[in-house]
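Chain letters run A, B, ... following the sequence lines, proteins first, then strands; residues in each count from 1. What you are looking at is a predicted structure, and each value in this text was computed from that prediction instead of being measured.
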Amino acid sequence: MRPSPRPWRVAAALGVLVLAGCADTETSDAGPSVAARWADARARWHIDRDPAAFQAWREIDPATPEGREAHRLLAEAEPLYREGIERVEAGDADARDTFERAVRTAPMDPVLYLPLARAFRDQGTQAPDNPHLFIRAAEYYRKFLAFVPHDPRADEARAELAAIDPDASRLFASPLETSPRDDTAPSSAPALTLTWPLAVAVLALALALGAVGLVLVRARARRESLDSLAAAKPELHPAIHYLVSSLRHELLKHRIGAVGAAIEALGRGGATEAQVDLLRGRLYGGEPLTEAWAGHLDAFTRALGPELDLWQTDRRFREAGRAIERIAKLETKLDQPRAHARLRDAHATLTALDRWLGDFASRLVRTRVDGALFRDVVDAVRAEYAAGQVPLDEVVIRSPDPAPSVEVFRVDLVLVLKNVVRNAILAVGGHAPPRRIGLDVETVLEPTGEETVRIHVRDTSPDELTSEEIYSRRRSRGLGLVTAALARYDGAILVEPGEGEWAKSVVVRFFRADDDPS
Amino acid sequence: MTRELAARLAHDVGKYVARIAKNAPADGPFPAALVPLLVEDLYASPGGGRPSARFAALAPPGELAAVREAFAAIDALEDAVRGGDPGACRRACALALEVEAALRASAREAG
Amino acid sequence: MPVLLVIEDGPEYEEFARLFLAERYAIVAARSAAAALARAPEADALLIDLRFERARPEDLIGDAEDAARRLFAGDVERARRWLKEQQGTLILGALREAGHAQPAVFVHDFAPRRLENLNKLYGRVGAVPGFDARSILATLEALA
């Protein structure tokens, strides 16, 4: 999972580095054993597929048996990854097998994300009908910039990412680009010659301020629960959805939900041998429930940041954590009737969490296609430099009440519509007035009982645009990424002739959410 | 997972694997007449090949681990189910119902 | 005994119906829209599969070119897949258009809104999520 390049995260990381540098001996004495760190590092890769696991593996001391093993596996995996990249470059269909072998062996050095991204980009250029190659390329550029932002090739990578995904490249803009004041600060600051005692004092002050800052950041961060984080950061919805789905399917359904009938039967005193076996296997076999639960919660924190503290701030998770602990303690007491009631209560708490998470996850992936969405999209595009320069005579926004919903993450729908709206605005900007664009939505009932939601982005530009062009040659305008994003949702984009005063309409089509209540 | 793929998994794999399992009597001896059809559901899918293989071919790597596990357990019971062992048949039925429920839930979530 | 027409692209529904529904219905089967239209006059109820993955292309109904143009940005292959995936509803549409108004049950986990739409379009439509004989019989009775 890609960490967000947020300033506080960088500050926190620097703080940790400084502290680690100051207290190296202490932390190594008091910290987890090499075996524990090696187990954690392996789990980070083999379970979580966390790209940062590479660093964790490399940091295992090669003087220890665990370190020797880690470094041996890394050395074994690296040529496999390089071979896989070469196979992608050559368009070899067996590349996947090579990567699978490599992935089973050890994590990939994040510096290899760049050649991998380039390999997919080059393949994408050669196969314009397959937009997935570009979206893969963009993903690997993002990972490269997220995990090795100070690599000397980072600027090149940013430029290459910008060519295929302008929005994402802005997220990874170098600090110099996003904070031009940093450039000028040294020259405008008064000259100061640091003496040794002064340097120590400045360092101590910086550390003290840093520590206070970290405490404040953490204190503020601890107020985040899962739903408040989701409400504040729609860009995290895909990651949250993935984590919630994993938790529900791997633990809450597979291990907890599956034994509901057995727990009921146990309570009635009528559990069959098979039911008891199932119950024991799911609740007490394999990885201990408490560890599995902690593993899932840690995955949330690693992916979404330490401001999310499910243990402390989220009531549902806190109660569920206690229920897991209660179940774990009942292992040796299953023959006691009092234990059955406790087991049933704990099971009910976890089932309730599962139900809530199910609703929560489906809300995350559902987006209402209404006037507010359209206005957000238009405002975001108008805030960009080029599209903001176009003098528009009118922006017509219409949506029915109630508006339909689609099963698409809002962040993805905004990405799609921004690209289409940006194209429309730039297209009308190239011609004489009147320059108008319009956004509206209609719902069509299909003979299959499904409903399709058709979002129209209309414009008055006489520029010709066809559906085929969108799917082939217009990649440089970002529409290639649009088609790739649409493919994830079984959506489509097509161009239709305009009606009335409109020259044409670009239609983005999705299936309506089946359980849309409106 | 896409809506289209999730729907295909629920239909091609989940629905058919549980066809007999859903209707087998809850207790008493497992009816011998149902065994060949149960074997058909568990070890030969409508599109050809074993349901577990069809699932493995369609499901994205790393997703639906619970279904993967259930299929591993169903495959491990094959000899006993083919031999009509009542306990194995019942256990396989329970696993097939789990597969169906998990794939149906996944299809619902995918929209 | 009332007749249940089973409409699917393989033998599984028919086998199931003969095993678990035959006490209440005489079972007849059709593997395509054309066969369903031919046997519908003798049927009192319909049990329909939604997806016809194994159907021959020439047996499918629905306009792939039109679906490709309207829904899939010209992708005819995707449109054909969609017609296969939704074939049962299109066959029901063809049966209704030909005047066959029998209760129809799908073995499919439709969301409530989709089932409501199918009833709006075709009337007397029910759905059962899996091969559950008791639920299928109850749904057919409720629609009768």
Side-chain angles (χ1 to χ4, degrees), chain B residues 2-26 30-49 51 54-55 57-58 67 93-111, chain C residues 6 8-24 31 47-56 67 71-72 75 77-89 105-115 127-139:
Chain B
T2 64
R3 171 187 196 268
E4 193 190 349
L5 178 57
R8 183 182 298 177
L9 277 166
H11 176 273
D12 293 9
V13 180
K15 191 167 88 178
Y16 289 102
V17 82
R19 186 182 59 149
I20 296 301
K22 253 189 146 49
N23 298 282
F30 197 86
L34 293 186
V35 172
L37 289 160
L38 180 64
V39 167
E40 196 182 301
D41 286 355
L42 299 178
Y43 305 114
S45 67
R54 182 124 179 87
F55 170 77
L58 289 174
V67 176
C93 284
L95 289 162
L97 294 176
E98 272 185 40
V99 168
E100 187 204 27
L103 293 180
R104 199 194 296 161
S106 152
R108 265 195 217 137
E109 278 170 23
Chain C
V6 177
E8 60 163 337
D9 61 341
E12 293 81 13
Y13 276 57
E14 189 184 347
E15 283 175 359
F16 161 79
R18 289 190 191 288
L19 258 178
F20 299 111
L21 308 177
E23 279 182 18
R24 303 279 284 281
R31 299 277 167 87
L47 183 66
I48 314 179
D49 189 7
L50 177 65
R51 299 169 71 99
F52 277 56
E53 303 284 354
R54 291 163 285 173
R56 295 177 306 178
L71 300 177
F72 300 107
D75 184 343
E77 269 315 298
R78 174 67 189 98
R80 285 211 181 95
R81 279 208 317 276
W82 182 66
L83 293 180
K84 278 186 173 187
E85 287 159 7
Q86 308 299 334
Q87 186 67 196
T89 57
V105 170
F106 287 90
V107 180
H108 191 80
D109 189 18
F110 285 124
R113 184 183 184 88
R114 175 96 185 268
L115 188 58
V128 175
F131 284 104
D132 179 340
R134 256 186 291 180
S135 301
I136 290 171
L137 289 171
T139 307

Side chain to side chain contact (heavy atoms under 4.5 Å, CB included) filter on B:E40, not counting sequence neighbours, yields B:R19, B:L37, C:E15

Q) Is there side-chain contact between C:R51 and B:K15, with heavy atoms separated by less than 4.5 Å? A) no

Separation between NE2 of B:H11 and CD of C:E85, rounded to the nearest 0.5 Å:
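Rounded to the nearest 0.5 Å, the NE2-CD separation comes to 10.0 Å.
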
Item to complete: Drop me the distance from B:N23's CG to C:L21's CG, to the nearest 0.5 angstrom.
Response: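 Nearest 0.5 Å value for the CG-CG distance: 8.0 Å.
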
Checking C:R78 against chain B: side chain, backbone, both or neither under 4.5 Å from a heavy atom?
->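 Side chain only.
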
Across all chains, not counting sequence neighbours, the ring-ring contact (aromatic ring centres under 6.0 Å, His included) partners of C:F131 are B:Y16, C:Y13, C:F16

